[in-house]
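For clarity, every value in this text was computed on a predicted model and none was experimentally measured. In what follows, chains are A, B, ... by sequence order, proteins preceding strands, each numbered from 1.
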Number of protein chains: 2
Amino acid sequence: MRSTISMVDRTVKNSYPVRMARPRSFDEKQVLNAVRDQFWDAGYAATSLEDLMRVSGLGKGSLYAAFGDKRQLFLRALRSYTDDSHGHLRKALAEAPRALDALRMLLEAPVDDPTGAGTRRGCLLANSTCELGNADPEVLAHAHRTYETSTALIADCVARAQGEGDLAGADPIALARALLAAQQGILFMGRTGLDTATLTATARSLAAQLLPDHSGD
Amino acid sequence: MRSTISMVDRTVKNSYPVRMARPRSFDEKQVLNAVRDQFWDAGYAATSLEDLMRVSGLGKGSLYAAFGDKRQLFLRALRSYTDDSHGHLRKALAEAPRALDALRMLLEAPVDDPTGAGTRRGCLLANSTCELGNADPEVLAHAHRTYETSTALIADCVARAQGEGDLAGADPIALARALLAAQQGILFMGRTGLDTATLTATARSLAAQLLPDHSGD
DNA sequence: GGAGTTCTTGACCGTGCGGTCCACCATAAG
DNA sequence: CTTATGGTGGACCGCACGGTCAAGAACTCC
């Protein structure tokens, strides 16, 4: 039963009110990035609302009005992160002139940071899966979906490499899974404080064994 | 400057008082195991003292008197866990008649659990490193030390395999690092909800590429 | 049994948490 | 200008957290 409605139906996302009022004083994407970095550094549980207010520069009221509670804000930041990551992955896999090199870069990418600072942070999605995967089915499902997509992207690149004469005889999806697992393993070893040189050597060693180059044969 | 001391010096760990009084009503190892499982399932921050009291059956006072605060109790449980793990690793690597098979088992071990329940929990040390590595230097240092020890144990097994005619030409330590990274990667993929069959296939695929068997050549 | 010591229990405490609310502000439309 | 509307910031709330403490129970030694 509906009564006469004088208000705009705001249940539809991004619908604008009939009359504009005070506009937002912040950029949503900037806030999400700041919040993402905070969760990335400290984890979900160890990040307090005060932390989020500090890094975003917003008050509690604004944060809650714009994003809902802490968990929803976290999920928004996490989705934003994985979207960006997949964008980068797509670009990296597509841009390399030789697909085999792109796949190699996959394994060495986690160590790219010369300072090692980024290496210590790991991957936000991986960290979140570890911390919340058991307790939050939504985070787990998101992780599962995301890694399946990554696998598909990598498998496409493997297929391209095969079109270029490399990796003959491999099952693209199986190899993609092995590469993704290896990448996550390298990423993790970086978090344990392994020095950059050793990490790089390990990444190259894995790349050499999983992605043999027979062009010189 | 010391005054006359009538009390026993309890700063030395495990020193017993001169006069026995009321004995403990709990077994320390059992409590540590219960506490470890709780931290394992929920993570450090998400585990409350109430949880710890519930799973251990002890009151707050007893817990604090026996182990100190929450963090120290966690560190005790973590050390106990890694000690046990290294015990199992030593045994597994030594018992296999063929060293190459032992190394293969390393990669498949994370998927051994038929129910998949254990697979979802991952490894307590890995979880803890992800959650606390950035914030707690002691946890990070412990993780680093532990994985270095694991690397050494695996490298020994690689050397044994070479003595048995396998893995000719590989650098034991480098291969050990690659194997450990791959294992952690598989372990992590299991946490993302990947089904057991796919996980097993990935583990076998990695094992086949990192640990080739040329005995039939 | 009494004395001395340790362990246990649970009430208690201060703090910081996540979350709500409301008075005020900035803007757009009339 | 006035008015309506949504944004903002901070006061405020109840709660659960980690941690403390004191009193009593359980035990050994004399």
B:F74 and B:F39 aromatic ring geometry - parallel, tilted or perpendicular at 30°/60° bounds: perpendicular

Kindly say whether A:W40 contributes a backbone atom to a donor-acceptor pair with the side chain of A:R121 at under 3.5 angstrom? no

Which of these, A:T198, A:L194, A:T200, A:L199, sits in a side chain to side chain contact (heavy atoms under 4.5 Å, CB included) with A:T196? A:T200

Just how far, in rounded Å, is C1' of D:dG9 from CG of A:L52? 16 Å

Spacing between B:M53 atom CE and C:dT8 atom P, to the nearest angstrom: 13 Å

Spacing between A:F74 atom CZ and C:dG19 atom P, to the nearest angstrom: 14 Å

Is there a donor-acceptor contact under 3.5 Å from the side chain of A:D51 to the main chain of A:S48? yes

Tabulate atom names and distances for all N/O pairs under 3.5 angstrom spanning the protein and nucleotides 19-23 of chain D.
| residue | atom | partner | partner atom | Å |
| --- | --- | --- | --- | --- |
| D:dG19 | OP2 | B:Y64 | OH | 2.6 |
| D:dG19 | OP2 | B:K70 | N | 3.2 |
| D:dG19 | O5' | B:Y64 | OH | 3.3 |
| D:dG19 | N7 | B:K60 | NZ | 3.3 |
| D:dG19 | O6 | B:K60 | NZ | 2.4 |

Between P on D:dG10 and CZ on A:R54, what's the gap in Å once rounded to a whole number? 16 Å

Provide, to the nearest angstrom, the distance between the CG atom belonging to B:L63 and the P atom belonging to C:dT6. 20 Å

Can you check whether A:T192's main-chain N or O pairs, donor with acceptor, with B:Y147's side chain at less than 3.5 Å? no

Please report the interatomic distance CE(A:M189) to CD1(A:I186), rounded to the nearest 0.5 Å. 10.5 Å

Close N/O contacts between protein and nucleotides 23-25 of chain C (under 3.5 Å):
| residue | atom | partner | partner atom | Å |
| --- | --- | --- | --- | --- |
| C:dC25 | O2 | A:R22 | NH1 | 3.0 |

Please tabulate, for side-chain N and O atoms in residues 133-141 of chain A, each donor-acceptor pair with protein atoms closer than 3.5 Å (sequence neighbours left out).
| residue | atom | partner | partner atom | Å |
| --- | --- | --- | --- | --- |
| A:N134 | OD1 | B:R191 | NH2 | 3.2 |
| A:N134 | ND2 | B:D41 | O | 3.2 |
| A:D136 | OD1 | A:R71 | NH2 | 3.2 |
| A:D136 | OD1 | A:E138 | N | 2.9 |
| A:D136 | OD1 | A:V139 | N | 3.4 |
| A:D136 | OD2 | A:R71 | NE | 2.7 |
| A:D136 | OD2 | A:R71 | NH2 | 3.4 |
| A:E138 | OE1 | A:R71 | NH2 | 3.1 |

Could you go through the salt bridge (Lys or Arg N to Asp or Glu O under 4.0 Å) check for B:R177 and B:E148 one step at a time? CA-CA 9 Å; B:R177 290 200 190 280; B:E148 286 300 296; 3.0 Å; yes

Atom CZ of A:F67 and atom P of D:dT8 are separated, to the nearest Å, by 10 Å

Bending between helix ends of the helix from C:dG1-D:dC30 to C:dG30-D:dC1 [5 pairs per end, 10° resolution]: 0°

Where the side chain of A:Q38 meets the backbone of A:L52, is there a donor-acceptor pair that is under 3.5 Å apart? no

Rounded to the nearest angstrom, tell me the gap between atom CZ in A:F26 and atom C1' in D:dG6. 12 Å

Non-neighbouring partners of A:S80 that pass side-chain hydrogen bond (donor to acceptor under 3.5 Å, both in side chains), sequence neighbours left out: A:K29

Partner residues of B:T149 under the side-chain hydrogen bond (donor to acceptor under 3.5 Å, both in side chains) criterion, sequence neighbours left out: none

Look at all strands and tell whether A:S48 reaches a base, only sugar-phosphate, or nothing, counting heavy atoms closer than 4.0 Å. sugar-phosphate

Round to a whole Å and report the spacing from CG of A:D51 to C1' of C:dC17. 11 Å

